[in-house]
Protein chains: 2
Amino acid sequence: MSDCSTCVVRNRAICASLETDELQLLGHLGRKRMIKRGETLLWEGDPAPVVANIIDGVLKLSVNLQDGREQIVSVMYASDFIGRPFGKESPYRVTAMTDAEICVFSRSSFDSFAKEHPDLQNKLLQRTLDELDRAREWMTMLGKKSATERIATLLVELSDRLTVDGCSPTTLYLDRFELPMDRQQISDILGLTIETVSRQFTRIRKEGIIELPDRRTVIIKDRSRLKALAEIA
Amino acid sequence: MSDCSTCVVRNRAICASLETDELQLLGHLGRKRMIKRGETLLWEGDPAPVVANIIDGVLKLSVNLQDGREQIVSVMYASDFIGRPFGKESPYRVTAMTDAEICVFSRSSFDSFAKEHPDLQNKLLQRTLDELDRAREWMTMLGKKSATERIATLLVELSDRLTVDGCSPTTLYLDRFELPMDRQQISDILGLTIETVSRQFTRIRKEGIIELPDRRTVIIKDRSRLKALAEIA
DNA sequence: GCGAAGCTTTGATCTTGGTCAAAGAAAGTT
DNA sequence: AACTTTCTTTGACCAAGATCAAAGCTTCGC
């Protein structure tokens, strides 16, 4: 079991909808678990035995094609909810992009707990609606944006979502952060090739908008120009 | 008010989660409404005053960019649910692609009804999760598929979703149907240009996979080859 | 520290799909 | 029916990004 009251994502995860006593009940069902970078939590087509809250780290949801390529359909951060409650198997593979800490529940026990807590279910619905909005924004990117715009969009999102876990205000943007993924994964998120990703990084670096002290670190030097690049035409 | 018991989508829409007497209560809140092709039901950024079930017809959700172009992020069919319950404004524009009939509820009355009917809310959650899966499939298409694959994918989806409204079994696929959208709209769905769409139509027509007796009609002559085309690599 | 294995970057070339332009076909109007 | 308007197709050309290939860098193991 987990001690929810001291959980760093207590107020941001779906658990925020619960009262203290209900939280304790849920806590008895959950279990903290570490997963290492690269480890896969859920395989597509699996009867999805678990759902989870992300406490720390970054995970990806991906659709893997027969020829070995993959499209990453979502990148999830601390306080996000993972898995497919109620019925259905998970249609995606869920893999850790960084070492991560998650709070797992068996699907069946979570399902029945949720059925008895409409507030939780309501929160879950709102989360899912938000997730849907995010997916559709991504669709617009894939449908309409150029390579440069895609890179800029990703960097802006990361600098927003990668804030130090716990209690940072949502207005905080990071000007320096570690990429939770390599170039290949960036290309799989953005629907580009690794070479194009690399060339675009070089390009906006040469324009002085960002710095890349090493392959994983990004420093945003000119946020307003980066944001302008991320916008469409 | 609407007479839900005779509604053609009664068993497929979210209303299917309700008992007869609850259904009557909801029916008092709903109102049938016709909208004409091209008419916009909801504008992006609006305080989204309504939610609705589609009874008949096809509607699109779109993100409209400053330069007048648009990305269509979803195409919705009979029995689908439209709108953003609980809070938030609608981030998309909702427009009829064909003449359509919908069952509208004011957001506030629907919200409070849903709060008191967990089954309905649960159904709504499952719908939204399904919708999310659909959006992510679309993302994979936009990220990885070629122009030909995109066209083939859309035609397969339409022949599946455009079944005669009411009570057709889900196994029915149409081999002849009317496109609910023009070439421009197809290009806005698939993230292509209208010229590319036209060329790809011509191509698979010349290969004998489909026939195009007029600009709106599609006849699938060789479904297995069309399905093969829709698959990746 | 040396070598192997991975990443990442850069370069050269090619392809797909975009852009620009114009002609054909339907549909709507007078 | 003639004319306008709108939608669709086709053609010629272009460009963004993909592909193929090779060279630099890191990282890791010994």
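Here is the naming used below: chain letters follow the sequence lines, and residue numbers restart at 1 for every chain. Note that the coordinates shown come from a computational prediction; the quantities given were computed from them, not determined experimentally.
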From the list [options], which nucleotide is the closest neighbour of the side chain of [X]?
{"X": "A:S198", "options": "D:dG17, C:dT8, D:dT10", "value": "C:dT8"}
{"X": "B:T196", "options": "D:dT9, C:dT9, C:dG18", "value": "C:dG18"}
{"X": "B:I194", "options": "C:dG17, D:dT10, D:dT8", "value": "D:dT8"}
{"X": "A:E195", "options": "D:dC20, D:dT8, D:dT10", "value": "D:dC20"}

ask   = Just by distance, with hydrogens left out, do A:Q184 and A:S187 show a side-chain donor and acceptor under 3.5 Å apart?
value =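 Yes.
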task = Report the residue from B:D80, B:V104, B:I14, B:I102 that forms a side chain to side chain contact (heavy atoms under 4.5 Å, CB included) with B:N53.
result =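 Only one of B:D80, B:V104, B:I14, B:I102 forms a side chain to side chain contact (heavy atoms under 4.5 Å, CB included) with B:N53, namely B:I14.
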request  = Can you spot which of A:M97, A:R215, A:R216 makes a side chain to side chain contact (heavy atoms under 4.5 Å, CB included) with A:D182?
outcome  =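 Of A:M97, A:R215, A:R216, side chain to side chain contact (heavy atoms under 4.5 Å, CB included) with A:D182 is met by A:R216 alone.
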If I take atom [atom1] in residue [X] and atom [atom2] in nucleotide [N], what distance separates them, rounded to the nearest angstrom?
{"X": "B:L190", "N": "C:dG17", "atom1": "CG", "atom2": "C1'", "answer": "13 Å"}
{"X": "A:L192", "N": "C:dG17", "atom1": "CG", "atom2": "P", "answer": "15 Å"}
{"X": "B:F201", "N": "C:dA25", "atom1": "CZ", "atom2": "P", "answer": "19 Å"}
{"X": "A:D188", "N": "D:dA18", "atom1": "CG", "atom2": "P", "answer": "12 Å"}
{"X": "A:Q184", "N": "C:dT9", "atom1": "CD", "atom2": "P", "answer": "13 Å"}
{"X": "A:R37", "N": "D:dT27", "atom1": "CZ", "atom2": "P", "answer": "11 Å"}
{"X": "B:L179", "N": "D:dT8", "atom1": "CG", "atom2": "C1'", "answer": "13 Å"}
{"X": "A:K145", "N": "D:dA16", "atom1": "NZ", "atom2": "C1'", "answer": "17 Å"}

Carboxylate-amine/guanidinium contact A:E70 A:R93, below 4.0 Å =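 Result for this pair is no, no salt bridge flagged.
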inquiry  = Quiz question: going by heavy-atom distance under 3.5 Å, is there a donor-acceptor pair between the base of C:dG11 and the side chain of A:R199?
reply    =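 Such a pair exists between side chain and base.
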5' priority, DNA chain D, between A:T148 and B:V197 [closest heavy atom] =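 Between the two, 5'-proximity favours B:V197.
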message = Tell me whether the side-chain N/O atoms of A:T202 come closer than 4.0 Å to OP1 or OP2 in C:dT10.
response =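 For A:T202, the contact criterion (side-chain N or O under 4.0 Å from OP1 or OP2 of C:dT10) is met.
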key: Option among A:R150, A:K227, A:R134 that satisfies the salt bridge (charged side-chain N to carboxylate O under 4.0 Å, His left out) test with A:E157   =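 Testing A:E157 for a salt bridge (charged side-chain N to carboxylate O under 4.0 Å, His left out) against A:R150, A:K227, A:R134 leaves exactly one candidate, A:R134.
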request  = Give one of base, sugar-phosphate or nothing for A:R215, where a contact means two heavy atoms less than 4.0 Å apart.
outcome  =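 Base contact.
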